[in-house]
Amino acid sequence: MIDPSEHLVVDCDWHYADTFEQVAPYMPEPWKTKFQKSGWGGTGVKQNLSAFFPASTGNRFNYGKIEREFSEYPDGGDDKQDVVEGMDHLDIDVTLQISHLILAMGGISADDRRVESFVKGYIDYMLEEVLDPDEGIYGLAPMPYHDIDASIDVLDRIEDEEAFVGVVMVTAGASPPLGNRKYDPIYERCEEEGYPVVYHTGGSGLDDYVRAGYQDMIETHTLGFLESNMSQIVSVACQGVAEKFPDLEIVFMESGVTYIPGLVSRINEEYLKRSEEAPMLEKKPGDYITDFYFGTQPLEVSARPDLLELCFDMIGTDRMLYASDYPHWDFDSPSVITDLPMLSDEDRKNILGQNAVEVFDL
Amino acid sequence: MSADDRVEVGPASEFEDGDAAIVQVGRVDVGVIKADGEFYALRNECPHDGGPVCEGKVEPRLVGEWGGPGERVDQHYDDDQCIVSCPWHGWSFDVETGEHIGDDRYILPMYDVVVEDGLVYVNDE
Ligand code: FES
C-alpha cells in the first residue's frame, strides 16, 4: 500500500469557503454597493443562510454531531493560509479550488446579474488573494452559464492566468440541461483553451430539485447530488457534446461512483431502442460516459467490495480523479484511495495524482 | 446450386419498396425486404428478445448533422441508408448489413437473395 505523503496527490475538488463579505469588494457595480449596503452581515445572515443566493437545506454538521476543526464554515471565510494548512494536514500537493458559494447558483432562476457579478468578483479575489501555482493552489472558474456572453467574458478574463486550469458548471438547477446547444459557445471556447469542464453537483435547495418536501439531509444528500449530476450526464451524453467537441475533457464531480454503472446500463438499453433520437452519437451513450472523468468523492466504500470493484472496472481507473471535497463535512482523505484493496499501487497513484496531471495539464 | 437449395419467395413485381415477406428457410424464419429497389434477406428473430424484427417498419435512417456551435443538429432522413425496426421494442438494423444502428455487436444474420425470371428466392445455406 502506498503512502500518500510520498506520492503526488492532486485534489480535484477543494471547496474554498469564500464569503460574500470577501468577494463583494471585487464585484462589479451595482452589486458591490447593493451587497455592501444591504446590512445582511449585520442581521447575522451567514454564508450558508444567505439572502443573496438561496439557502441550502439541513444542517451539514448533523446538529452538532460532527465537530471537526477543519470542516467548519468559518464565519470570516477561509484565507490562503487555511488552504495551505489544510493541504498539509491531508498530505495534498495540489488543489483545484472551487467556490463554495457558487454551488448555490442553481437556486437562482431570475434573469438578473447576481451570478455573473459574483463570479467576476470571485475570480479577481481568488487571483489577488488565494491562488498560487507555486504552492500548488489552482482554481476552477465558475461559469455563469445562464448567460453565455457573461461566461465568455469570464473565459476572456482567465485566458492568460496560469492559476485557472478549468471551469466549473454547477449541475444543480441548470435548465435547459447542459447538453443543450445554448451552451456550445462555452464548450467551444473551453476546448480551444484546453480547459476541462468540471460539472459539479450543487447543494442549494436540495429538497426542491425534483419534488419538494423532503425533510432531512440524509434524504436530500442521497438523492439530490446524484440526481443533478445524472440529469446533466444524460443530456451531455445524448446531445453529443463529446462528438461536437472531441478534445473537450469532461469531468463529473462529487456524487461518488456507484451510480454510474447503473446509469450507463440504463442509457445503453434506451439507446438500443431509440438510437435515432441521439443522431450525433457514433457509439453508445454509455461509451461516452465511461470516457468522462469522475471525481471519487464521496466514495461509497461501505458498499459491497465486489460492487465497488465492478464500478471501478466499468469506469476505468484511468478515468478517476481523487477529490477530497475538503473541508466539507463528508470529505475523503487520500487514504480512502490508498486503502482500497482491489487497486494496484499503479492505480492508486494514477487516481491520486497522475490522471489529474494529464487532464488539467498541471 | 440446385433448385432445392433455395426457397421461393414470390414474384418480385409484388413487392413495393418497404415491403417484407416472411419465409421459412431451413428451420428459421427469414424476412425478405425490398428497400430502395433492392432485396435483402435477414433473419426474422430479434437479438434483443426474439421479436419478429422483419415485420417492423422499413424506412430511411434518421441522421443528424451539426452545423457548428450553437446550431441545432439538423435531423433528416438519409435515403441511402435503410433500416428495419423490430416492432416489439424498436431495435433498428441496417437492412444492408444486418447491424444494429446503435451497436454493431448485434447483427441479424443475412441471407443471399436472387431474382430470377421475375421470382425472388432466398438461398438456403
Ligand atoms: S425483441 Fe426486438 S426490440 Fe425487443
Side-chain angles (χ1 to χ4, degrees), chain A residues 143 145-149 151-152 155 176-193 195 197 235-248 264-290, chain B residues 18 35-36 42-43 45-109:
Chain A
M143 288 288 98
Y145 51 63
H146 310 91
D147 183 334
I148 303 301
D149 291 341
S151 301
I152 298 297
L155 287 161
L178 294 165
N180 189 278
R181 70 190 167 103
K182 166 182 169 180
Y183 309 104
D184 281 356
I186 300 178
Y187 296 137
E188 185 188 31
R189 180 68 180 276
C190 286
E191 184 186 48
E192 216 172 273
E193 305 282 347
Y195 288 141
V197 173
S235 169
V236 167
C238 290
Q239 296 304 319
V241 172
E243 277 299 333
K244 294 172 171 181
F245 307 101
D247 294 327
L248 184 71
V264 164
S265 308
R266 185 165 175 88
I267 203 170
N268 283 352
E269 282 294 317
E270 294 296 321
Y271 182 66
L272 290 170
K273 294 169 185 159
R274 318 180 68 86
S275 321
E276 287 165 296
E277 291 184 8
M280 285 299 293
L281 304 195
E282 298 285 333
K283 53 188 182 182
K284 285 177 293 178
D287 294 344
Y288 292 95
I289 295 173
T290 50
Chain B
D36 207 13
L42 306 104
R43 176 126 174 221
E45 185 179 332
C46 182
H48 177 227
D49 197 20
V53 49
C54 299
E55 291 168 29
K57 268 216 166 109
V58 176
E59 56 194 345
R61 178 172 177 181
L62 185 69
V63 293
E65 241 168 82
W66 182 51
E71 301 282 322
R72 269 203 187 87
V73 173
D74 171 43
Q75 302 196 16
H76 57 269
Y77 289 99
D78 177 355
D79 289 328
D80 293 337
Q81 282 188 72
C82 204
I83 59 171
V84 58
S85 302
C86 178
W88 281 11
H89 312 91
W91 283 32
S92 297
F93 301 84
D94 188 319
V95 296
E96 271 186 58
T97 62
E99 288 174 2
H100 189 291
I101 62 168
D103 185 343
D104 58 16
R105 289 176 308 168
Y106 296 104
I107 302 177
L108 291 177

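Naming: A, B, ... by sequence-line order, numbering from 1 per chain.
P60(B) and E276(A) make their closest contact through O-OE2, 4.3 Å (heavy atoms, listed as atom of the first residue, atom of the second, distance). The two atoms that bring P279(A) and L62(B) nearest to each other are CB-O, 4.5 Å, heavy atoms only.
The CG atom of D287(A) sits 7.5 Å away from atom CG of D103(B), with the distance rounded to the nearest 0.5 Å. Here NZ of K273(A) is found 5.0 Å from NE2 of H48(B). Values are rounded to the nearest 0.5 Å. Residue E243(A) holds its CD atom at 10.0 Å from CH2 of W66(B), rounded to the nearest 0.5 Å.
Contacts between H89(B) and chain A at a heavy-atom distance below 4.5 Å involve backbone atoms as well as side-chain atoms. For Y187(A), no part lies under 4.5 angstrom from a heavy atom of chain B. At a 4.5 Å heavy-atom cutoff, the contact between V63(B) and chain A is made by backbone atoms alone. Both the backbone and the side chain of K244(A) come within contact range of chain B, each with at least one heavy atom under 4.5 Å from a heavy atom of that chain.
Heavy atoms of other residues, nucleotides or ligands lying less than 6.0 angstrom from CG of D147(A) number more than 12. Residue-environment remark: NZ (K57(B)) stays at or below the threshold of 12 foreign heavy atoms within 6.0 Å.
Side chain of D184(A) to backbone of G70(B): a donor-acceptor contact under 3.5 angstrom is found.
Residues W91(B) and Y271(A) place their aromatic rings such that the two centres sit no closer than 6.0 Å.
For the options E277(A), K283(A), R274(A), E188(A), heavy-atom pairs under 4.5 Å to chain B are most numerous at E188(A).
Side-chain contact between S275(A) and H100(B) is present, with heavy atoms from C-beta onward closer than 4.5 Å.
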